Amino acid sequence: KSEDSDTPSTSGGNASAGAQVAESAAPGAKSCTLDQFGGTKIDLKTAKIGFSQSEKEANPFRIAETQSIKDEAAKLGIPAANLQATNANSQFNKQISDVEQMIDSGVQLLVIAPLNSDGWDSVFAKASAKKIPIITIDRKINADSCTDYLTFIGSDFEKQGQRAADKMAAALGNKGSVAILLGAPGNNVTTLRTKGFKDQIAKVAPEIKISFEQTGQFSREEGQKVTEQLLQSNSDINGIYAENDEMALGAEVALKGAGKAKGDVKIVSIDGTKGAVQGIVDGWISAVIESNPRFGPLAFETATKFFNGEPIPEDIIIADREYDEASAKTDLGSAY
Amino acid sequence: MTTLVAPVENDVRRSERSDRIVDLVQRQGALAVLVVVVIIAAAAFPNFRGYDNAGTILIAAAPPALIALGMTFVIITGGIDLSVGSLYVLGGVVSAYASKWGFLPALLVPLALCGLVGVVNGVLIAYTRMAPFIVTLAALLGARGLMRALSNEGSTTYLVGNDGFRSFGTGSFLGIGYPVWLVAVVFVLGMVLLSRTRFGRSVYAVGGSEDAASLMGVAVRRTKVTVYVMSGLLAGLAGAINAAKLGSGVTVLGTGMELDAIAAVVIGGTLLTGGAGTIAGTIAGVLLLGVIQNMINQVGNVPSSYQQVISGAFLAVVVVAQTYLVKLRRRT
Amino acid sequence: MPLLEVTDVNKVFPGVRALDGVTFALQPGEVHALVGENGAGKSTLIKLLTGVYQPDGGELRYRDEPARFATPMDAQRAGISTIYQEVNLVPLMSVAHNLFLGREPRSAFGLVDEKRMVREASEILVRYGVTTDVRRPLGTMALGAQQMVALARAVMVDAKVVIMDEPTSSLEPREVETLFGVIRDLHARGIGIVYVSHRLDELYQICDAVTILRDGKVVHTGRLAELERIRLVSLMLGRDMSAVRREGFTGFAGDHTGAADAPPVLKVTGLSSRHRLHDISFAVRPGEVVGLGGLLGAGRSETIKAIGGAYPVDAGEIEVGGKTLKNPTPVRAVQAGIAVQPEDRKAEGIVAGLSIRENIALAVLPRMARLGLVSDRKIDKIVDTYMTRLRIKASGPDQRVGDLSGGNQQKVLLARLLATQPRVLLLDEPTRGIDVGAKAEVQALIDELAADGLGVVLVSSDAEELVEGADRVVVLRDGAVVGELTGTNVTTEALLETIAAAAVSSEEPHDN
Amino acid sequence: MTTEALVRRPTFDRAWLPKYGVYAAIVLLVLYNVAFTPNFLAWSNLRIQLVQVAPIVIVALGMALVIGTEGIDLSVGSVMALAAALIPLYLGYGVIAAILVSLIAGVVVGLINGVLVARVGLQPIVATLALFVGGRGLALVISHGQLKDVRNDDLIFLGSGDFLGLPMLVWIAALLVLVVAFVVRRTVFGRRLLAVGGNRAATELAGVPVKRVLIGVYVLCAVLASIAGLLAVARIQSSDASSVGLLIELSAITAVVVGGTPLTGGKVRVLGTVAGALLMQLVIATMIKHNLQPSTTEMVQAVIILVAVYAARERKSR
Ligand SMILES: Nc1ncnc2c1ncn2[C@@H]1O[C@H](COP(=O)(O)OP(=O)(O)OP(=O)(O)O)[C@@H](O)[C@H]1O
Ligand SMILES: Nc1ncnc2c1ncn2[C@@H]1O[C@H](COP(=O)(O)OP(=O)(O)OP(=O)(O)O)[C@@H](O)[C@H]1O
Ligand SMILES: [Mg+2]
Ligand SMILES: [Mg+2]
């Protein structure tokens with residue numbers, strides 16, 4: 001009776017279904033070429049490449065992200081020995097020394113999923129001395145592109161928040177009382193998804209009141225606990241914005257436990273995992289904004305272009321999709 | 001006074017050469033294990049051997065080493081300090097914040113703040129006889145709360161505004177980062193302090209037997225307060241040099257750091273019951289943890305969960321080996 | 001003009017008045033005995049004199065000026081040195097560091113001059129008969145030697161007053177002589193000495209004056225020579241002189257009538273443990289008290305622990321009632337009928353935080369239980385029995401053992417042993433640190449138990465006690481049996497002679 | 001010495017605070033909430049608090065026993081994760097099988113901890129640190145790092161079902177409290193445990209099988225933790241080895257200590273432990289209900305821990 005979830009290889013490898021698409025770069029945005037960067041051309045097939053993952057591969061996003069990088073490397077015929085992957089286990093200092101160690105060991109290209117947007121000074125000092133291009137994925141690093149790093153590929157977290165706000169406004173008919181389940185405190189993702197959501201709500205639906213915000217630590221259990229508490233003390237809540245799918249699923253369990261019916265409280269969340277999209281199909285979740293973790297193809301494509309001398313834009317923002325009641329059923333297969 | 005009686009053999013335990021050797025290995029057990037591990041790593045991984053890699057290991061070990069140094073003093077008095085991880089983050093955040101006023105404030109403000117928390121820890125422990133474990137557990141929460149309060153719930157990362165401070169963090173001399181040199185100096189001072197001063201002797205005495213120490217005229221309370229202040233200061237300093245290195249006051253650090261420090265200290269042969277331990281051992285313990293981490297990365301592509309299993313197993317093996325060495329020593 | 005003086009001091013601990021209007025004066029060049037039963041307040045008075053406690057009322061004067069010592073260090077600086085009751089040194093630290101703690105010789109930059117310290121420590125300790133590597137941890141030395149280090153430490157500084165709280169309780173006769181030598185020397189230099197001891201002969205040997213405490217009050221003070229020994233005891237105990245005279249000093253009645261031809265209840269053959277015990281053999285018949293004699297460090301405690309399964313042995317056989325005890329552990333030993341009363345009551349005997357009831361029942365819980373559930377009724381019954389039989393004085397079976405006086409703690413411990421219904425009792429220093437009254441009671445109890453048919457092994461550093469209590473004495477030295485006293489030969493003189501003879505013959509250290 | 005002077009019962013007024021301080025604090029906090037928190041007195045609220053505190057209580061019970069022997073167990077969170085990771089793997093064989101397997105995992109971890117402490121002679125904090133680090137890694141290895149949804153009705157009933165108007169979780173926790181209280185008060189094992197904590201050397205010499213007692217205590221603690229782990233799975237209806245029981249060791253230790261059990265061993269206050277857990281739960285609930293920020297919550301928790309422990313602190317007796 002156990003529900004056998006997909007194994008990592010299939011969920012990440014489902015490339016055609018949920019491949020990332022870059023939004024066209026804004027005209028006039030800063031870009032970077034190999035010459036400007038000052039590096040030397042290398043052949044990816046024989047190059048040593050380092051990938052630094054930030055958090056344990058213990059949630060769908062991270063699993064899909066790491067897997068996508070590895071799969072794409074394999075697809076390009078890069079020998080497994082040439083791709084060095086490390087995982088910082090959510091310890092920032094470990095990520096810094098992981099990357100420094102990879103630089104020492106002679107990697108020629110770095111793909112980094114940073115745990116934090118700031119604090120990369122020492123890495124940049126080391127990498128730029130050796131002219132190693134750095135592609136950061138999923139989270140941006142606050143630094144100078146083309147000198148400190150090459151480019152950022154990822155979602156616009158603030159925009160995700162804004163889009164979630166639009167969905168929430170639509171679900172609530174522009175009025176009501178909303179609770180926010182914040183991500184882990186101090187995390188850039190939390191900060192941006194909160195800012196985007198609040199700003200947009202203020203803009204499009206000023207009658208929606210944000211009456212509660214507490215951290216659910218991006219975890220299902222905490223999400224559930226906090227929702228239980230809040231349903232108790234704020235019985236007038238009719239919308240919950242969860243900053244990731246896990247907390248949304250926790251909130252779903254809490255709603256069931258509190259005897260609420262489907263749709264009594266509208267849930268909007270961000271990520272696009274299978275579980276959450278299934279939640280839309282089941283009628284507990286109103287909408288999910290995707291945050292696509294399949295960085296492999298785009299990252300390697302960008303690197304190839306770069307070494308071929310093409311200009312690379314400062315930011316490569318991917319077009320995240322969204323799931324709602326209309327699309328959830330058909331798109332369930334492409335969720336990760 | 002004249003000799004009153006003919007000397008007799010009071011030494012019930014005849015000391016033997018084998019005893020001494022075991023004794024040496026026990027005292028420097030962590031160092032021995034470190035040497036073995038380094039040799040294995042160097043043989044197995046070509047990349048491990050590089051000078052740069054050594055520099056990377058050292059610079060990464062610098063903040064944990066400072067924290068473990070403070071922890072060594074605390075543990076030798078028979079206490080424990082769980083607040084260091086939080087103080088480390090707090091120190092980094094205020095250091096980055098204060099760096100806009102210059103190099104010295106960036107260094108001194110975190111010292112002052114973390115030292116102050118150390119004073120509170122020390123005073124509560126020394127004067128109210130509350131258990132160190134619980135006092136510093138509260139401080140762990142309190143300092144983290146304070147850090148979050150100062151950084152807008154952790155969402156504001158202050159950038160280091162002082163170029164001098166920044167280059168102190170990233171620059172190097174002879175290929176070894178400045179922070180490592182600083183830590184080396186602090187360690188030498190710590191060693192001298194612990195083994196060659198009256199204060200150091202009183203640290204051992206308090207840990208060996210608090211009652212006896214107090215009857216022998218050791219200022220037990222002052223010693224205790226001092227070690228917790230030192231631990232706080234060193235955690236703050238670790239935070240500051242880390243901020244200099246990272247160029248910002250990162251708020252998402254430090255969880256579990258206290259346990260790493262305790263592990264390093266214990267691997268280094270310091271008794272958690274107090275009264276015995278060395279700083280050389282602690283250095284070996286810190287480096288051992290760093291080298292293991294580095295080795296796991298050298299293997300490449302070890303899934304994160306296996307990394308933890310390996311670290312845990314390794315920890316168990318080292319500590320069990322240490323304990324058997326001690327037992328061996330006792331038996332002879 | 002007194003050197004150190006307190007007038008009308010009080011000290012109250014929660015629920016107990018430890019000192020009640022005590023006045024005490026120490027003259028220069030005087031050895032002043034401070035005596036009293038356990039818990040009379042001797043140690044408390046000393047702690048008041050030396051800044052460990054602050055008096056609740058009254059006045060402290062030192063060298064004719066009002067004084068107040070906030071910490072022991074203050075008193076030390078003022079010239080009052082103290083050897084506290086329990087050896088109060090740090091076992092894990094080296095001998096030299098213990099000796100010099102807080103006053104280490106310093107070289108340039110104020111750093112401790114390790115070399116000089118080691119050299120000076122060795123020099124100083126030789127005078128006290130301690131020749132050991134002063135760099136090794138103090139804890140590895142014999143208790144007596146540790147006590148000598150404490151003494152050296154106290155006398156080393158330029159003291160005006162030296163206070164000794166039961167310094168001889170763990171010293172062997174030769175060390176006691178060394179100590180007395182030191183005391184006479186101090187005496188000659190006009191230093192005032194406060195001397196606490198439960199051993200009355202010692203007092204008469206070296207003390208000039210005496211102050212007797214009872215229940216926190218001074219009941220007598222004066223020249224010791226003018227006070228008859230029996231009167232001293234009656235004052236201490238607060239009992240009639242005639243009663244004391246009738247009961248005698250030790251509680252032992254004399255020989256036990258254990259059947260001389262009964263098979264031994266305990267037989268130890270060839271017990272050896274590397275470095276410590278060498279081929280120890282002896283036997284104990286039911287109803288017999290066998291003493292283990294020897295100097296401190298002779299290996300008596302180890303022998304006892306080894307029999308009790310608490311000390312590892314490499315060879316040898318232990319038989320209880322004809323049955324061999326295989327792979328002895330404390331659990332198996334208790335099951336076989338061996339009961340061990342360890343030497344260090346506080347560290348290895350009582351569980352201070354638990355009640356009298358829990359302490360007595362500890363070893364026999366399985367018998368007091370069915371299916372793992374304890375029956376308080378059964379426990380109450382045996383606790384009651386033993387509290388009455390051993391005359392344990394307490395507010396009730398629920399009192400914390402840590403709050404009892406030493407003598408009563410010892411009785412609780414004995415009660416625990418007896419509750420296991422042992423066939424052999426191994427008693428290591430059963431009367432150490434307990435007062436005359438309690439001592440006599442414990443001694444009488446040992447007699448009684450032997451009369452009941454138990455085999456008893458008695459270890460005591462008190463030669464008189466050993467000789468009076470035991471029917472035979474097995475003498476140990478350096479972990480080996482060097483002689484045995486039997487019958488009329490069981491005398492103090494013979495005991496000391498055997499020890500001394502063995503000392504000469506075993507001068508060359510054996511190696512294995 | 002005379003009998004009168006031996007009667008040294010602590011006087012009532014001084015002993016009151018250490019003994020009943022936790023309960024007083026709970027009462028104060030409840031009063032505050034009744035006055036200032038909307039809907040606080042609602043039955044549904046009480047229910048939520050009880051359900052949320054249940055896992056912590058269960059873990060804290062085991063922790064209290066370990067602390068009673070002068071030990072500490074850092075590995076409880078990892079044990080929860082291990083138990084959680086195993087559940088979906090064996091759910092195919094039925095709920096009972098899955099539960100048994102996760103309990104066995106607890107037994108195994110407890111045995112390892114116990115042997116390291118009792119036989120090898122490691123300090124408890126270090127002995128359990130190894131499994132604290134490695135145990136969760138193992139759980140992640142077992143679960144391939146995947147969060148797995150659990151859709152088994154029997155299991156979900158344990159987590160969110162009701163029995164006689166009370167959640168199953170609360171029944172289970174209450175039952176375990178009774179069991180542990182009973183073990184401590186009435187069994188040979190319980191009495192021995194306290195003696196080991198009070199004076200290990202003496203207990204050993206008295207012929208008590210100390211090592212067995214210690215191993216038993218660590219096994220019991222780990223089994224309780226694995227129960228908490230499987231209940232957590234049942235409650236959140238999914239098994240997530242990376243987050244189940246994260247940092248619970250600190251909550252559990254806090255509950256035990258705030259509840260008046262000294263870290264020095266020899267004493268276990270079972271009801272106090274429950275009260276300690278409840279107090280910390282109420283503090284967090286109050287903070288959340290008043291929508292305070294994490295920084296405030298943490299600082300308030302710190303102060304409450306200090307005040308509670310200061311009040312419950314043992315006066316030094318020699
Ligand atoms: N720190 C303390 N707290 C509470 N009671 C104490 C304390 N110290 C001593 N007492 C009590 O005060 C009384 C006097 O104790 P004290 O140690 O002075 O006796 P003593 O004469 O030295 O006895 P002994 O011969 O056993 O050493 C005893 O009842 C003892 O239990
Ligand atoms: N192998 C050893 N290693 C460390 N210490 C030892 C060793 N053997 C003996 N000692 C120490 O020597 C001291 C004296 O030894 P022991 O207790 O055996 O003497 P004893 O003959 O039993 O004397 P008593 O029972 O009168 O104290 C003990 O305190 C013990 O700590
Ligand atoms: Mg005394
Ligand atoms: Mg002995």
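This structure is a prediction, so every number in the text was calculated from the model and none was measured. By convention in this document, chain letters (A, B, ...) are assigned in the order of the sequence lines, proteins followed by strands, and residues within each chain are numbered from 1.
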- Note on the structure: Most contact-rich option vs chain C, by heavy-atom pairs under 4.5 angstrom, among Ala276(B), Gly275(B), Ala205(B), Ala219(B), is Ala205(B)
- Query: If you tally heavy-atom pairs under 4.5 Å against chain C, which of Ser214(B), Gly217(B), Gly200(B), Gly207(B) wins?
  - Reply: Gly217(B)
- Message: If you apply the rule side-chain hydrogen bond (donor to acceptor under 3.5 Å, both in side chains), what do you find for Ser273(C) with Asp314(C), and how did you get there?
- Response: CA-CA 5 Å; Ser273(C) 174; Asp314(C) 309 319; 4.5 Å; no
- Item | Contact origin within Arg106(C) toward chain B - heavy atom pairs under 4.5 Å | side chain
- Heavy-atom contact with chain B under 4.5 Å, split by part of Asn98(C): both
- Based on non-hydrogen pairs under 4.5 Å, which of Thr71(C), Asp74(C), Leu111(C) is most in contact with chain B? Leu111(C)
- With side chains defined as the heavy atoms from C-beta onward, is the minimum distance between Phe73(B) and Asp81(B) less than 4.5 Å? no
- Query: Taking side chain as C-beta onward, heavy atoms only, is Tyr228(B) less than 4.5 Å from Leu233(B)?
  - Reply: no
- Message: At a 4.5 Å cut-off on heavy atoms, which part of Glu104(C) comes close to chain B: side chain, backbone, both, or neither?
- Response: both
- Message: Assess, by modelled atom type and distance only, whether the side chains of Ser209(B) and Asp211(B) contain a donor and an acceptor separated by less than 3.5 Å.
- Response: no
- Item | Pairwise side-chain contact, Pro105(C) with Phe100(C), heavy-atom cut-off 4.5 Å (strictly under) | yes
